[in-house]
Amino acid sequence: DQCATGKTLEAGKLTIATGNPAYFPWVIDDAPEQGKGFEAAVAYAVAAEMGFESDDVVWVRAGFDESIQPGAKNFDFNLQQFSITDDREKVIDFSLPYYSSAMAVLTTKAVVDAGAEPTLASLKTLKWGAGAGYTAVPVLTDLVAPDSDALLYNDNTDVTAAIQAGQIDVALFDLPTALYLAAVVVDGGVILGQFPADRMENPDRFGMLMEQDSALKACVDEAIAALTSNGKLAEIEATWLSESTGVPVIK
Amino acid sequence: MKLRLENVKKSFGQTKVLDGISLEVAQGEMLCLVGASGSGKSTLLRCINLLEPLDDGAIWLDKEDIAEPSLDPQPIRQRIGIVFQSFNLFPHMTAEENVMLAPRRIHRKTRDQLRQPIMALFERFGLKNHMDHYPDQLSGGQQQRVAIVRALAMKPDIMLFDEITSALDPELVGEVLEVLKALKNEGMTMIMATHEMAFAREVADNVCFLDRGRILEQGPPQQILSDPQEPRTRDFLGRVLGNQ
Amino acid sequence: MKLRLENVKKSFGQTKVLDGISLEVAQGEMLCLVGASGSGKSTLLRCINLLEPLDDGAIWLDKEDIAEPSLDPQPIRQRIGIVFQSFNLFPHMTAEENVMLAPRRIHRKTRDQLRQPIMALFERFGLKNHMDHYPDQLSGGQQQRVAIVRALAMKPDIMLFDEITSALDPELVGEVLEVLKALKNEGMTMIMATHEMAFAREVADNVCFLDRGRILEQGPPQQILSDPQEPRTRDFLGRVLGNQ
Amino acid sequence: MANGSAGLTRRQAYERKLRHRSLIIAGGSTLAVVLAIVLLVPLAPGWEKVKYSFFNGEVFIKTFPKLLNAFVLDVAIFAWSVPLIAALGLAIALARDVRNPVLYPLRLFGALYTDLFRGVPVVLVVYLVGFGIPGLGLPRPWNSPYIWGTVALVLTYSAYVAEIFRGGIESVHNSQRNAALSLGLTGQDVMRFVVLPQAIRRVIPAQMNMLIALQKDVALLSFIGPVEIFRQAGVFKSLLANFTPYVVAAAIFLVVTVPATRLADYLITKQNRSRS
Amino acid sequence: MANGSAGLTRRQAYERKLRHRSLIIAGGSTLAVVLAIVLLVPLAPGWEKVKYSFFNGEVFIKTFPKLLNAFVLDVAIFAWSVPLIAALGLAIALARDVRNPVLYPLRLFGALYTDLFRGVPVVLVVYLVGFGIPGLGLPRPWNSPYIWGTVALVLTYSAYVAEIFRGGIESVHNSQRNAALSLGLTGQDVMRFVVLPQAIRRVIPAQMNMLIALQKDVALLSFIGPVEIFRQAGVFKSLLANFTPYVVAAAIFLVVTVPATRLADYLITKQNRSRS
Ligand SMILES: Nc1ncnc2c1ncn2[C@@H]1O[C@H](COP(=O)(O)OP(=O)(O)OP(=O)(O)O)[C@@H](O)[C@H]1O
Ligand SMILES: Nc1ncnc2c1ncn2[C@@H]1O[C@H](COP(=O)(O)OP(=O)(O)OP(=O)(O)O)[C@@H](O)[C@H]1O
Ligand SMILES: [Mg+2]
Ligand SMILES: [Mg+2]
């Protein structure tokens, strides 16, 4: 109640938005109130840092499109794996990044058996898919530049449905999502390889999204900076995001 | 109440439909317009009612030139009733509602105020039992009488009738013509386009023979219908009377 | 070629339209059906053409009972031509295409094979210049003659005509009746429903007077039309001849 | 036909035989086809998977109540859109009929309006209006996606509805207008009491078709946030990674739209018949 | 009217005056309204932001070529769907007209088919067919979303098209069938040479409307992968966080659909006129 006082949507409450539905492992069981899952945990940690009790946190749902529309928002900040980009920052504000993700290539055993390898040359020849609203699209076109046009979908489920239906061979996700999908959702799902964050020109950094010129931005940044320096953020990451060192790096 | 047309002209595109019509109708007079199909009878009546704007000429109703283009035709039309060949009742209203609409909206009277006089009109024209019927439920002759009542309910100074019997079966024509005779006896001023020569001879004060938008002959019916001067008139009468 | 009807019956719902018709038409004979509107003339012709299934009775065409319900009517219809009051030309085809359609599809002939005989037919009926015209571009009389040519092109054994002149203007009736006379002279067997008493008297071999689905009188036209026995026939003829 | 059963006419006897036979044949062949489908489809290699993904009984039971619940929002949006669409559509139709030169911009506007909103896919209008207008700086609750999504539907559909009304107005024969004018009624009264009542009656079947289309397009509001049945199905799809919720949604739609379509067809047929 | 300019009739003189005045008034009032919009809207508080998000010249220039390029896919899908829809629609319409009892399942199927596909929103069909059927275990390239997306459109639209064809077939007067039958033509030939040519001609305007609707619904294929204009606009939207690409897409649609709608309206009016 120091920095944020009078700057939130509702006095004494912190309204946080996430996706509908919110996906594993970012939020467990689509229930952010429980604080389980990486983003849910980060949200409560940031709230605590800003001086809000857990009970003062109000969750709402808001998709990407609603969030980038000009004008007033119905949340104080929104976290659902939004990547920070220059273009986006012209219409909305992002906090400091709370996570830097590698990009991973999800595929199925059948494709691997057919000879797919974690090399750019091999990847180019495959049929690609991705979620249209994600920053995976420019990565795909710039870094991989596949031979045939990629297919683009509304959300992750549609991408996995297309993989399952054999309509695409491979799809690009952030690494934690890819790990989850390979393990749980896709029958015979395999992670073919990853593009580590530090290898990319514009690494995929997740930020919390706020209305442009939000008065709250300074407080949120302050909280994230604090959590980063005291190692709490790394701790949360270790708790909720699986080990990714085993995934081969794409050459 | 006197109506005088002065050199009335009307063209549709290149065809001159009325080519300088001048005529006069005195108070209480009945004028019959006769002439071949396409000679301009309907157009003339529509012009008098201001449903068609004139190209040229004047129409004097008493002291006022109602053909003045800048006049608002709406109040003038209230003084000139017209009944069409095809009845044109409003199909979504009962006979009574058809008749009440204009007085209610224009004279701002309530249904209750109107019920009495309109009931009287219906009764007079033998329609008492049909007030609640929709046009669909009426015979042609009944529909046409309702159309006449509808025009009369506005208490016009002059009535125009455009071949009001020609869409009727022969046995229904009589009913409607009876109504006109009654109106004439009450002193209504009337202009009527018709092919019913027998009726014209019996009832009209004057007959006017139109041919290609011009008046060829004009005068009392005995003269025009029995002893026409123009070969065209003779020719036309020969054909029409031959069919009857 | 002989057609014999035996106790033909047909009802629509509760109304008996044909109530036991028996008649015979010999090779080259022309039979005229006369009778008031609604007496069943059209229905009878449609039954003979198998467009309406009979309820009961038999129709013998030479040795075959074509009214047998289990027969396929399609090949039989090729032997019996019919022409309707309302022409029913196919509006999307030229006169020539109208005529060619059935021979091309049924006799499996090519256009080239057909051109010669069909051209001859058109010429014979004074339609030579109208082969490429669409029905819309033809007068009623011309359309009706094309309809006759269309039926004749299938070389039927017998032709049925259903009041084929009643939708025509008086001056066009003559053309069409001329065609029938010519056909009669060529020995075509024909049944014709008509109101043209003068024509029937002149051309028919037999006249059959229908009343409410029954045959009241039957015989040569001189007898039936000049000296009818039944009061009903007299009454009907009085009305029809009065109008002409 | 007063024949006793003994005195069957020739045709009646034949038809009785035929009826028996065709009943048997029709019944038999229908059964054969149905059996073939029921027995053969499950033999397709991926059938088990597809059945699991699209016709999953468990998922059906789990999601049906919530989907039905979400459908209430569809119905609500539908219900409050309809009067607005009718009113705006009528207004635009009347605007296009205006003759006064001072009001010329109204006519022009009407023409542009119908062209614009009939030309652009509904989804795009929903996006543009649903996100664009709230951005003009409206405070809560005036930037609600419910409001602006509804507005998007109203804008699009009133363009179609207006054109149908206009067709109805033009179909009222000029002689009706003339008859009313000749009584001395004002232009406004002629429209209100004579032309419109007849016009509206004539276009009811065509407007029924628009209602059915609207009923289905309400689903597009989900794109800008409201959790109606389609979005709810999407959420379940994402959570359960199973498409059965869409099948359930489709079934719920069918229950509503099939009777409605039938009614509209019936009205149109009836009207066509009475016309000819 | 052969009057010289000196010999104007009374009405001509009046109308000339009136025309001048009304031109000035109409022009003036239109200008006033346009000016009001141009000057006032930018004064709204959020206008700058909205302009930036929705009418961004820079974004327009950047995205237009690629959007136009994506639109080619819309056109292609449209082009190959149309003949399929026409063929299937006609087949279903004919199936519903079948009288032979052996073929009764065909009639039943036709009726169920039209009910089903007219009742379910197109989006749902696209999802269900686009992901469901490929899941039955089809190998590449037979599981392509282009194929199955097209199939979904074809299934839905042929239901509508079939109903329109059926209406046309029923509108051909029975006397035409009878005339053709009386010549000895088979039932099949009667349908093919006499009924259908007339029926199809009559329903062309109604089918034009379906074409326009289809043209817009092609955009829904994006849901199952193909990057057509709508999806391309969505990608740009999320990359640039700007809605201008949607406006551009809407504009591209307008350029195609407005003339098409005008043509359809014109045909319908012409046909209605020739009927009465
Ligand atoms: N709105 C119009 N546009 C063009 N021509 C018209 C119009 N109204 C009438 N005409 C033409 O004007 C001429 C006169 O028509 P009008 O109806 O006045 O004749 P009429 O004497 O009433 O004939 P009828 O006895 O057939 O009613 C006709 O040639 C007609 O074709
Ligand atoms: N399809 C039908 N359904 C019901 N009733 C019919 C049908 N066709 C004809 N009818 C009735 O059968 C009776 C005989 O009709 P039909 O057309 O054979 O008479 P018609 O002698 O040809 O008369 P017209 O001289 O008017 O042509 C009429 O009462 C008619 O209403
Ligand atoms: Mg007239
Ligand atoms: Mg008949």
Side-chain angles (χ1 to χ4, degrees), chain B residues 42-43 45-53 66 72-94 97-108 134-136 143-144 146-162 167, chain D residues 86-87 89-90 93-94 97-104 161 164-208 267-276:
Chain B
S42 300
T43 307
L45 294 179
R46 293 164 57 81
C47 281
I48 297 175
N49 193 246
L50 306 185
L51 285 173
E52 298 284 356
I66 60 172
D72 177 9
Q74 192 236 323
I76 298 164
R77 289 196 193 115
Q78 297 170 23
R79 300 169 55 195
I80 307 177
I82 187 168
V83 182
F84 303 93
Q85 173 176 348
S86 46
F87 329 149
N88 298 338
L89 293 183
F90 308 134
H92 57 297
M93 298 180 176
T94 63
E97 288 165 352
N98 261 280
V99 174
M100 274 192 181
L101 177 64
R104 273 181 56 217
R105 298 300 303 170
I106 299 166
H107 298 156
R108 296 280 160 200
Y134 284 89
D136 275 356
Q143 287 189 50
Q144 193 57 291
V146 173
I148 295 173
V149 168
R150 182 172 70 177
L152 287 176
M154 287 299 291
K155 303 211 173 64
D157 295 328
I158 180 166
M159 287 284 290
L160 313 177
F161 297 99
D162 188 6
Chain D
L90 191 56
L94 292 177
D97 202 60
V98 152
R99 295 276 166 263
N100 190 331
V102 186
L103 300 178
Y104 181 75
V161 164
I164 294 174
F165 275 134
R166 195 164 69 100
I169 290 172
E170 281 175 5
S171 82
V172 174
H173 202 273
N174 228 353
S175 64
Q176 287 283 321
R177 282 180 195 241
N178 278 340
L181 281 175
S182 77
L183 291 171
L185 290 170
T186 61
Q188 223 182 336
D189 277 356
V190 171
M191 182 55 79
R192 177 166 152 210
F193 292 100
V194 177
V195 177
L196 275 189
Q198 299 185 52
I200 289 175
R201 227 165 278 199
R202 284 184 206 181
V203 297
I204 284 176
Q207 303 289 30
M208 276 291 299
L267 288 177
I268 289 176
T269 320
K270 212 177 81 175
Q271 207 196 42
N272 280 347
R273 207 171 294 144
S274 76
R275 240 187 229 166
S276 63

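Just so we're on the same page: letters track the sequence lines, and every chain starts at 1.
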Chemist: B:P91 versus D:Q176: any side-chain heavy-atom pair under 4.5 Å?
Modeler: yes
Chemist: If you take all heavy atoms of D:V194 and B:L101, which pair is closest and at what distance?
Modeler: CG2-CD2, 3.9 Å
Chemist: Look only at the side chain of B:Q78 and the backbone of D:S182, and say whether a donor-acceptor pair between them is shorter than 3.5 Å.
Modeler: no
Chemist: Is it the side chain or the backbone of D:R177 that comes within 4.5 Å of chain B heavy atoms, both, or neither?
Modeler: neither
Chemist: First locate atom CG of D:N174, then atom CG of B:N88, and finally report the distance between them rounded to the nearest 0.5 Å.
Modeler: 10.0 Å
Chemist: So what's closer than 4.5 Å to chain D heavy atoms on B:F90: side chain, backbone, both or neither?
Modeler: both
Chemist: If every non-hydrogen atom of D:F193 is compared with every non-hydrogen atom of B:R105, which pair is closest and at what distance?
Modeler: CE1-NE, 3.1 Å
Chemist: Working note: B:R46 + D:N178, criterion side-chain contact (heavy atoms from CB on, under 4.5 Å); need CA distance, chi angles, decisive distance, verdict.
Modeler: CA-CA 9 Å; B:R46 293 164 57 81; D:N178 278 340; 3.4 Å; yes
Chemist: For B:R150, which atoms come within 4.5 Å of any heavy atom of chain D: side chain, backbone, both, or neither?
Modeler: both
Chemist: Less than 4.5 Å to any heavy atom of chain B: does that hold for the side chain of D:D189, its backbone, both, or neither?
Modeler: side chain
Chemist: Might you point out which heavy atoms bring D:L183 and B:A102 nearest each other, and give the distance in Å?
Modeler: CB-CB, 3.9 Å
Chemist: How far does CG of D:L181 sit from CZ of B:R77, to the nearest 0.5 angstrom?
Modeler: 5.0 Å
Chemist: Look at B:L89, B:V83, B:D72, B:L160 and state which one has the largest set of heavy-atom pairs under 4.5 Å with chain D.
Modeler: B:L89
